[in-house]
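Down below is the structure, laid out as structure tokens.
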There are 2 protein chains.
Amino acid sequence: MATLRTAQVAELAGVNVETLRFYERRGILQEPPRRASGYREYPPDTVERVRFIKRAQELGFTLKEVQDLLELRETTRAKAGRVRKVAEAKLEEIEHKIRDLEAMKKSLTELLSTCDGQKTIASCPIIESLSGCERCRGGDTGRPKKEHSR
Amino acid sequence: MATLRTAQVAELAGVNVETLRFYERRGILQEPPRRASGYREYPPDTVERVRFIKRAQELGFTLKEVQDLLELRETTRAKAGRVRKVAEAKLEEIEHKIRDLEAMKKSLTELLSTCDGQKTIASCPIIESLSGCERCRGGDTGRPKKEHSR
DNA sequence: ATGGGCCCCGGACTATGGTACGGAGTCAAG
DNA sequence: CTTGACTCCGTACCATAGTCCGGGGCCCAT
């Protein structure tokens with residue numbers, strides 16, 4: 001069983017068959033070889049790739065971003081310098097996400113331990129958990145803004 | 001300057017004015033007091049709340065999930081037990097995300113250090129970075145499946 | 001008292017990421 | 001060699017999360 005058919009890949013990766021076709025159209029999955037009849041024959045590692053895509057999405061990356069991430073692997077050699085830049089940027093983004101999730105984790109943990117004692121925790125600070133992010137994009141979206149007198 | 005108007009909140013939080021109205025309709029921002037004219041007067045901490053929402057989204061939470069997260073804070077007392085369950089589930093989810101991001105970070109770091117030396121890294125394993133997730137939802141989406149003979 | 005800039009609202013529109021549909025061809029067990 | 005499950009394709013549709021529009025009302029500096 002060297003190759004897989006669409007339904008098998010879909011099943012193993014936990015996605016809809018249509019999703020595979022969709023990814024192919026989007027270019028995030030490259031077109032697999034076909035047999036004479038036109039049936040796709042997927043290499044088995046496609047399953048891992050699709051799972052990666054789904055999980056990366058759950059971590060807040062868009063399909064485009066996932067694609068870039070995956071292309072880091074394929075592209076190497078040739079434009080190595082540009083790849084490096086992208087990888088470094090992604091790395092920082094990932095580290096930022098980790099920091100923020102750690103902060104959320106901390107405040108959720110606090111909430112749980114406080115709620116445990118039936119106290120008034122009116123100030124359980126979930127929101128503040130991400131405020132280390134404060135100026136990271138606060139107050140400027142890059143969109144043009146009209147100044148107003150006041 | 002005790003309260004803020006929509007444009008100010010939007011500016012400070014880095015979102016579109018329409019987004020605030022949208023969040024209000026969705027119930028993720030509660031309706032602020034209005035002055036006689038109908039103008040909204042936001043309490044300043046709205047800005048933090050909106051930033052939290054945006055950041056949580058970037059971490060892969062849907063608006064619905066963010067809402068639940070925020071309600072953990074508000075809801076306490078009364079249905080404390082149910083809240084606890086939700087908080088614990090979220091905590092696990094967050095820890096899972098952190099683990100996965102750490103894995104991505106690791107493989108990106110490896111990729112960077114390998115690319116550095118101009119080597120052939122045909123096997124840079126970005127994809128495997130999330131495969132610790134393997135069976136976490138692989139192979140079963142809960143959708144009904146028809147068995148086929150082969 | 002007036003005008004430029006904000007604010008109100010409902011409703012239409014957009015982008016992203018899929019999902020569903022339907023008619024036709026393929027595969028393999030009986 | 002039929003039949004039921006699977007596959008193909010294009011196109012239409014869906015949910016989420018906004019974003020824009022346009023007609024009308026406020027606000028206040030000049």
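Just so it is clear, the model here is predicted, and its values are computed rather than measured. So that the names make sense, note that chain A is the first sequence line, chain B the second, and so on, each numbered from 1.
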Phosphate-side-chain proximity, B/Ser37 and C/dC7, N/O vs OP1/OP2 below 4.0 Å: no

Distance (rounded to the nearest 0.5 Å) between A/Leu112 CG and A/Glu110 CD: 10.5 Å

Length of the line joining A/Arg35:CZ and C/dT26:P, which is rounded to integer Å: 12 Å

B/Glu11 CD - C/dC7 C1' separation (whole Å): 16 Å

Distance in angstrom units between A/Arg55 CZ and C/dG17 C1', rounded: 18 Å

Side-chain donor/acceptor of B/Tyr39 to base of D/dG25, under 3.5 Å: yes

d(CZ, A/Phe22; P, D/dC13) in whole Å: 18 Å

Donor-acceptor pairs are to be reported for all side-chain atoms of residues 24-31 of chain B against protein atoms at under 3.5 Å, with residues two or more places apart or in another chain.
from	atom 1	to	atom 2	distance (Å)
B/Glu24	OE1	B/Arg40	NE	2.8

Nearest-Å distance for atom pair CG/C1', residues A/Leu63 and D/dT16: 14 Å

N/O (side chain, A/Arg5) to phosphate O (OP1/OP2, D/dC6) under 4.0 Å: no

side-chain N/O A/Gln57 vs C/dG18 OP1/OP2, d < 4.0 Å: yes

Side-chain H-bond candidate by donor/acceptor type, A/Lys64 with A/Gln67, under 3.5 Å: no

Can you name the atoms? Protein N/O to nucleotides 9-13 of chain C N/O, anything below 3.5 Å, with the distance.
from	atom 1	to	atom 2	distance (Å)
C/dC9	OP1	B/Arg34	NH1	3.2
C/dC9	OP1	B/Arg34	NH2	2.9
C/dC9	OP2	B/Arg40	NH1	3.0
C/dC9	OP2	B/Arg40	NH2	2.7
C/dG10	N7	B/Arg21	NH2	3.2
C/dG10	O6	B/Arg21	NH2	3.1

Worked check of salt bridge (charged side-chain N to carboxylate O under 4.0 Å, His left out) between A/Arg84 and A/Glu88: CA-CA 6 Å; A/Arg84 210 185 156 72; A/Glu88 276 162 357; 3.4 Å; yes

Closest approach of A/Ala13 to A/Val50 (non-hydrogen atoms, all atoms of both residues): CB-CG1, 3.6 Å

Full working for salt bridge (charged side-chain N to carboxylate O under 4.0 Å, His left out) between A/Glu58 and B/Lys97: CA-CA 8 Å; A/Glu58 283 166 22; B/Lys97 282 180 193 250; over 6 Å; no

Spacing of A/Lys64 atom NZ relative to C/dG18 atom P, expressed in whole Å: 15 Å

Whole angstrom value for the distance that separates P of C/dG17 from CD of A/Glu58: 14 Å

A/Phe61 six-ring centre to A/Lys90 NZ/CZ under 6.0 Å and within 45° of normal: no

Below 4.0 Å: OP1/OP2 of D/dA17 and any side-chain N or O of B/Tyr23: no

Closest listed nucleotide, where the reference is the side chain of A/Thr62 and the choices are D/dT7, C/dG17, D/dT19: C/dG17

Rounded distance in Å - CD (A/Glu41) to C1' (D/dC6): 14 Å

Nucleotide nearest B/Thr6 when distance is taken to its side chain, options D/dT19, C/dC8, C/dC27: C/dC8

Under 4.0 angstrom between A/Lys54 side-chain N/O and C/dG17 OP1 or OP2: no

Candidates C/dA20, C/dG17, C/dC7 - which lies nearest the side chain of A/Arg26: C/dG17

